[in-house]
Amino acid sequence: HIINDQSSNHFSKYFDHRISFMYPSEWNLTNNSTFFSEYFNDIILTNETFVNLTKIFPNESKYMTTPLFSILITKLDSNKTELNEYYKNNIYKLLQATENSFPRFIGYNETEINGTQAYKIFLNTILVAEPGSLAKGNNITQKEYHIWTIKDGYFYDISFRAFENVYNNYYPVIDKIITSIRFQ
């Protein structure tokens with residue numbers, strides 16, 4: 001699955017039968033073929049079969065500075081699903097609030113990833129450290145975006161989220177990862 005390639009600035013290559021990409025060698029990579037309910041605030045996927053969730057984050061994980069990059073792959077129940085239709089029917093899932101997270105839709109634009117049509121969706125999420133507390137400094141903003149695409153009957157949610165104060169620091173690295181994505 002992982003091939004170390006020292007020639008490209010200490011990036012390693014992740015390779016799966018559906019997708020491959022380069023990521024910083026010193027970052028942690030977790031790859032799960034079973035669904036974790038923490039993802040998407042306990043959203044239950046309907047008419048879809050979970051295939052894989054890959055998460056990548058820096059080793060120096062600290063609560064306030066750790067960004068998270070992930071790729072969720074699910075098999076759709078139909079090969080004929082259009083991205084536009086999927087977006088309209090599923091965008092609400094990204095916007096569901098919980099007791100301590102309140103996502104706000106910023107916008108989206110059309111893009112492409114490895115030659116495949118995609119939507120890039122931007123969110124700001126207010127995270128509440130202690131639900132119910134009105135103390136100053138209890139809220140923090142997390143910026144995130146999702147790139148949604150469909151390829152050969154599979155839905156890909158490629159996402160990056162980080163606290164506002166470090167988002168721009170990690171964006172160039174995440175952009176390099178996304179540029180390296182190849183569908184198999």
Side-chain angles (χ1 to χ4, degrees), residues 16 18-19 21 30-57 66-134 138-168 170-171 174-175 177-178 181 183:
D16 179 87
R18 298 246 156 256
I19 197 168
F21 56 86
T30 62
N31 185 7
N32 305 304
S33 291
T34 55
F35 192 76
F36 281 93
S37 62
E38 77 203 73
Y39 196 76
F40 272 164
N41 302 323
D42 302 319
I43 285 172
I44 292 133
L45 296 174
T46 54
N47 299 330
E48 298 172 7
T49 307
F50 173 75
V51 177
N52 201 331
L53 173 62
T54 303
K55 294 180 179 180
I56 304 171
F57 47 91
T66 302
L68 176 65
F69 174 80
S70 64
I71 300 178
L72 174 70
I73 304 173
T74 50
K75 174 130 179 62
L76 300 175
D77 61 350
S78 164
N79 268 350
K80 297 178 177 40
T81 307
E82 285 282 318
L83 182 59
N84 189 34
E85 174 193 342
Y86 189 90
Y87 172 83
K88 286 177 186 166
N89 293 336
N90 292 280
I91 187 65
Y92 75 91
K93 292 179 183 179
L94 286 181
L95 304 176
Q96 289 180 330
T98 65
E99 183 183 358
N100 55 5
S101 74
F102 302 92
R104 198 173 87 240
F105 181 74
I106 302 300
Y108 81 98
N109 60 38
E110 291 189 34
T111 184
E112 68 173 46
I113 187 156
N114 186 209
T116 303
Q117 179 198 12
Y119 284 173
K120 193 172 190 180
I121 304 157
F122 300 90
L123 306 173
N124 274 359
T125 301
I126 303 296
L127 301 174
V128 180
E130 293 177 53
S133 168
L134 298 174
N138 192 30
N139 295 352
I140 186 159
T141 301
Q142 178 176 265
K143 291 173 77 169
E144 67 182 277
Y145 70 78
H146 295 260
I147 298 174
W148 282 8
T149 192
I150 295 174
K151 176 95 171 143
D152 300 329
Y154 287 84
F155 168 69
Y156 295 82
D157 178 356
I158 300 158
S159 69
F160 166 52
R161 62 182 71 162
F163 289 119
E164 203 170 30
N165 60 331
V166 295
Y167 181 89
N168 291 336
Y170 286 103
Y171 187 88
I174 300 301
D175 195 49
I177 295 171
I178 290 170
I181 290 175
F183 298 111

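Just so you know, these numbers use all the heavy atoms, side chains as well, and skip hydrogens, waters and symmetry mates.
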* To do: Mind running side-chain contact (heavy atoms from CB on, under 4.5 Å) on Leu76 and Tyr86 for me, showing each step along the way?
  => CA-CA 10 Å; Leu76 300 175; Tyr86 189 90; 3.7 Å; yes

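The ring of Tyr154 has its center no closer than 6.0 angstrom to the ring center of Phe183.
For the residue pair Thr125 / Glu144, a side-chain donor-acceptor distance below 3.5 Å is found, with atom types taken as modelled.
The CD atom of Gln142 sits 8.5 Å away from the CG atom of Leu68 when rounded to the nearest 0.5 Å. A distance of 13.5 Å separates NZ in Lys120 from OG1 in Thr149, rounded to the nearest 0.5 Å. Rounding to the nearest 0.5 angstrom, the gap separating the CD atom in Glu82 from the CG atom in Asn89 is 12.0 Å. Lys143 NZ to Leu123 CG: the interatomic distance, rounded to the nearest 0.5 Å, is 12.0 Å. Rounding to the nearest 0.5 angstrom, the gap separating the OG atom in Ser159 from the OH atom in Tyr145 is 9.0 Å. Note that CG of Asn90 is 10.5 Å distant from CG of Asp157, once rounded to the nearest 0.5 Å.
Using cut-offs of 30° and 60° for the angle between ring planes, the Tyr119 and Tyr87 rings count as perpendicular. Classification of the Tyr167-Tyr171 ring pair by plane angle, with boundaries at 30° and 60°, yields tilted.
At least one side-chain heavy atom of Leu127 sits under 4.5 Å from a side-chain heavy atom of Phe163. Inter-residue side-chain proximity for Ile140 and Glu164 is flagged as unmet; no heavy-atom pair is nearer than 4.5 Å. Within the 4.5 Å cutoff, the side chain of Ile147 has no heavy atoms near those of the Phe160 side chain. Residues Thr116 and Tyr156 are not in side-chain contact: their nearest non-hydrogen atoms beyond the backbone lie 4.5 Å or more apart. Contact annotation: the side chain of His146 approaches that of Leu94 to within less than 4.5 Å [non-hydrogen atoms, C-beta and beyond]. Within the 4.5 Å cutoff, the side chain of Ile73 has no heavy atoms near those of the Thr54 side chain. With contacts defined as side-chain heavy-atom distances shorter than 4.5 Å, the pair Phe21/Ile71 qualifies.
In summary, of the residues considered (Thr111, Ile121, Leu72, Ile113), a side chain to side chain contact (heavy atoms under 4.5 Å, CB included) with Trp148 occurs for Ile121 alone.
Between Ala97 and Pro103, the closest heavy-atom pair is CA-CD, 3.8 Å.
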